[in-house]
Visitor: 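My structure is below; once you've seen it, I'll send some questions.
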Amino acid sequence: MRGRRDILMDYKRKVAEIDSLIEKHTAFRENCLNLIASETRPSPLAERLIVNDLDHRYGSYTGIDPRNRGYPGNAFLTQMEEVAQELAKRLFGAAYVDLRPLSGNIAGIIAMFALARPGDTVLEVHNGHMYAAKLANSDLRVELKSISIPWDEMNANIDLDRTVSLIREHRPGLVSIGSAHFIFPQPVRELRAAMDRYSPGSILVYDAAHVMGLIAGGRFQSPLTEGADVIITSTHKTLAGPQGGMILTNDRDVAERIAMAITPLMIANHHLSRVPSLAGTFLEWMACGEAHADAIIGNAKALGRAFQEQGVPVVGADLGFTESHTVLPVVDAFGESGALVRQLEACHILLNAAGAPREMGKHGLRIGVQEVTRYGMTEADAPEIVGCILDVVSERDPDVAKERAIAMARRFDTVRFTLPDIDRARPTP
């Protein structure tokens with residue numbers, strides 16, 4: 001049997017090991033050029049409004065009214081949630097907003113549980129999360145039929161004519177759109193018209209996880225106005241809030257069905273520390289959203305142009321490269337995308353591998369500019385960023401590229417598109 005001294009020594013070693021790993025991770029990420037399309041950092045204001053004590057509390061409620069709490073001690077917490085909900089309603093033009101989902105993926109699963117009926121056919125974008133397919137292929141034996149929405153790879157968008165034909169043929173209960181490679185607005189109005197004609201009463205779900213910040217800034221599309229019944233989303237990525245999920249709708253019946261699927265089915269406690277931070281994030285988009293979204297899209301387009309000028313094919317080049325935070329260069333000339341991502345990581349450049357249209361190749365990179373834009377990138381920086389990437393993947397000068405990437409990461413160190421934090425200290429009498 002181990003003595004107290006041995007246990008204490010082991011404890012000290014493990015805590016020291018964890019502390020060291022945290023320090024190494026922080027130092028590494030602070031010196032990385034982060035171009036991952038699904039990540040970002042909240043502003044100092046949003047981070048300050050993450051309240052750790054709230055994560056020790058239970059604030060669960062049933063239905064759509066946050067005041068319908070099951071635990072005592074939540075009066076002020078309820079008011080915080082109501083403030084955040086009201087700000088989201090104003091920002092996104094939604095009558096009902098639910099902040100309880102713990103992630104965008106969970107928001108999608110909740111929507112599928114709430115809105116699909118046993119035996120429904122669901123049309124889904126194949127390079128999205130495919131929520132119906134996940135459920136149908138799980139051990140839960142959920143009775144859903146998932147059909148992939150045809151994708152126009154060269155235009156990086158839904159193939160509308162073929163999708164309308166599928167709607168006419170299968171009369172789906174749900175159509176779920178959105179993409180992990182979301183570079184252009186999708187044809188919401190046209191899909192809504194086809195669904196109303198061939199499958200009345202069907203529900204259109206719009207997964208906005210990657211582009212929610214651009215929607216907040218009024219620079220992508222307005223899904224609810226254009227005919228979507230539900231928006232499911234994460235609250236980080238381009239929205240740049242704390243990690244979590246959110247569901248929005250203008251239909252009370254839909255909102256109530258979603259609420260029933262959230263609690264008690266899926267979530268008992270919804271990680272409350274992020275709620276005040278979400279309120280701060282929504283305020284930032286109200287104040288700075290148009291300029292913030294313009295800068296993100298402008299930088300992504302500039303990155304696409306810079307790749308093309310270096311002879312690297314880019315998906316959607318003839319359509320302006322992108323209308324979002326993401327650009328998709330095709331890199332078959334340099335090797336397999338997974339291996340290239342590992343080479344870039346070793347040189348402190350972080351991004352994701354992606355597929356490519358068959359007509360262009362096989363290997364692509366998914367690059368997002370939302371974090372570097374928030375912290376200082378301008379369109380003038382695009383050629384240098386592309387130069388660093390190409391110096392690594394072509395093995396021309398990876399060591400120099402690494403130093404340049406670290407220097408850029410250090411240069412992008414001042415948050416923009418935010419509000420001044422307010423001193424919480426009481427004024428001196």
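When reading the values below, keep in mind they use all heavy atoms of this one structure, side chains included, and skip hydrogens, waters and symmetry mates.
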Visitor: In terms of side-chain geometry, is the basic nitrogen of Glu86 or Lys89 positioned less than 4.0 Å from the acidic oxygen of its partner?
Guide: yes
Visitor: Quick one about Ser176 and Glu124 (side-chain donor to acceptor, distance below 3.5 Å, no hydrogens or angles considered), yes or no?
Guide: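 Judged by distance alone, the side chains do not pair up.
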Visitor: Can you establish whether the number of heavy atoms outside Glu290 located under 6.0 Å from its atom CD is more than 12?
Guide: no
Visitor: Locate the shortest heavy-atom distance separating Leu166 from Ser148; write the atom from each residue and the value.
Guide: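 Looking at all heavy atoms of both residues, the closest pair is CD1-O, 3.8 Å.
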Visitor: Which residue, Arg100, Arg274, Arg69, forms the salt bridge (Lys or Arg N to Asp or Glu O under 4.0 Å) with Glu81?
Guide: Arg69
Visitor: Looking at CG of Asn31 and OG1 of Thr26, how far apart are the two atoms once the value is rounded to the nearest 0.5 Å?
Guide: 11.0 Å
Visitor: Pick one: which of Asp399, Asp391, Asp397 meets salt bridge (Lys or Arg N to Asp or Glu O under 4.0 Å) with Arg404?
Guide: Asp391
Visitor: List the steps and the verdict of salt bridge (Lys or Arg N to Asp or Glu O under 4.0 Å) for Arg410 and Glu30.
Guide: CA-CA 7 Å; Arg410 291 174 177 168; Glu30 286 178 348; over 6 Å; no
Visitor: Kindly assign one of parallel, tilted or perpendicular to the pair His292 and Phe417, based on the angle between their ring planes and the thresholds 30° and 60°.
Guide: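 Taking Phe417 first and then His292, their aromatic rings lie parallel (interplane angle under 30°).
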Visitor: Do the side chains of Glu143 and Arg117 get close enough for a salt bridge, i.e. N-O under 4.0 angstrom?
Guide: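 The answer is no: the pair does not qualify as a salt bridge.
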Visitor: According to side-chain hydrogen bond (donor to acceptor under 3.5 Å, both in side chains), does anything in residues 237-248 pair up with another residue at least two apart or in another chain? List the pairs.
Guide: Ser234-Lys237
Visitor: Do Val331 and Val393 touch side chain to side chain, with heavy atoms closer than 4.5 Å?
Guide: no
Visitor: Check the surroundings of atom CZ in Arg67: do more than 12 heavy atoms from other residues, nucleotides or ligands lie under 6.0 Å from it?
Guide: no
Visitor: May I ask you to check whether Phe220 and Phe182 place their ring centers less than 6.0 Å from one another?
Guide: yes
Visitor: Asp253 and Arg257: side chain to side chain contact (heavy atoms under 4.5 Å, CB included), yes or no, with the steps?
Guide: CA-CA 6 Å; Asp253 177 66; Arg257 289 164 64 183; 3.4 Å; yes
Visitor: Please name the pair of heavy atoms, one in Val415 and one in Pro44, separated by the smallest distance, quoted to 0.1 Å.
Guide: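 Scanning both residues completely, I find the closest heavy atoms to be CG1-CD, 3.7 Å.
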Visitor: Do the charged groups of Arg305 and Glu379 touch, with an N to O distance under 4.0 Å?
Guide: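 Looking at Arg305 and Glu379, the cut-off is met.
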Visitor: More than 12 foreign heavy atoms under 6.0 Å from CZ of Arg396: is that the case here?
Guide: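 Enclosed.
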Visitor: Using a 6.0 Å cut-off, check whether atom CE of Met360 has over 12 heavy atoms from anything other than its own residue.
Guide: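 Correct, the count exceeds 12.
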Visitor: Without hydrogens or angle criteria, can the side chains of Asp207 and Tyr131 be said to hold a donor-acceptor pair below 3.5 Å?
Guide: yes
Visitor: Please round to the nearest 0.5 Å and tell me the distance separating atom CD1 of Ile258 and atom CD1 of Ile247.
Guide: 4.5 Å
Visitor: Kindly compute the distance separating CD1 (Ile167) from CZ (Arg192), expressed to the nearest 0.5 Å.
Guide: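 Spacing of CD1 (Ile167) from CZ (Arg192) equals 9.0 Å.
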Visitor: Could you check if a side-chain atom of Asp98 sits within less than 4.5 angstrom of a side-chain atom of Ile64, using non-hydrogen atoms only?
Guide: no
Visitor: Please report the interatomic distance CG(Leu144) to CZ(Phe113), rounded to the nearest 0.5 Å.
Guide: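 So the CG of Leu144 and the CZ of Phe113 are separated by 9.0 Å.
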Visitor: Is there a donor-acceptor pair closer than 3.5 Å between any side-chain N or O of Ser273 and the backbone N or O of Leu54?
Guide: no
Visitor: Verify the neighbour count for atom CZ of Arg197: are there more than 12 heavy atoms of other residues, nucleotides or ligands below 6.0 Å?
Guide: no
Visitor: Go through Val369 and Ile296 one step at a time and tell me if the side chain to side chain contact (heavy atoms under 4.5 Å, CB included) criterion holds.
Guide: CA-CA 6 Å; Val369 300; Ile296 291 171; 4.1 Å; yes
Visitor: So, taking the atom named CH2 in Trp285 and the one named OG1 in Thr281, what distance separates them when rounded to the nearest 0.5 Å?
Guide: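 One gets 10.0 Å once the value is rounded to the nearest 0.5 Å.
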Visitor: Quick one: does Phe92's side chain get under 4.5 Å of Ile215's, heavy atoms only?
Guide: yes
Visitor: Within the side chain of Arg366, is there an N or O that forms a donor-acceptor pair under 3.5 Å with the backbone of Ile36?
Guide: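 Not confirmed, Arg366 side chain does not pair with Ile36 backbone.
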Visitor: Within a strict 4.5 Å, meaning less than it, do heavy atoms of the Arg416 and Cys288 side chains meet?
Guide: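 Side-chain contact under 4.5 Å: no.
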Visitor: Nearest 0.5 Å, please: how far is CE in Met130 from CE in Met112?
Guide: 10.0 Å
Visitor: Is the ring centre of His348 less than 6.0 Å from the ring centre of Phe28?
Guide: yes
Visitor: May I have the step-by-step check of side chain to side chain contact (heavy atoms under 4.5 Å, CB included) for Ser38 and His210, ending in yes or no?
Guide: CA-CA 7 Å; Ser38 55; His210 273 272; 4.0 Å; yes
Visitor: If you measure only the distance, is there a donor-acceptor pair under 3.5 Å linking the side chains of Gln221 and Tyr206?
Guide: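 Checked: Gln221/Tyr206 side chains pair up, N/O donor to acceptor below 3.5 Å.
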Visitor: Can you confirm whether Ile389 sits close enough to Ile367 that some side-chain heavy atom of one is under 4.5 Å from a side-chain heavy atom of the other?
Guide: yes
Visitor: Would you say the side chain of Leu160 lies within less than 4.5 Å of the side chain of Leu191, judging by non-hydrogen atoms?
Guide: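 Leu191 reaches Leu160 side chain to side chain.
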Visitor: Side chain to side chain contact (heavy atoms under 4.5 Å, CB included), that's the test. Do Arg219 and Asp294 meet it? Break it down for me.
Guide: CA-CA 7 Å; Arg219 291 295 187 263; Asp294 282 342; 2.6 Å; yes
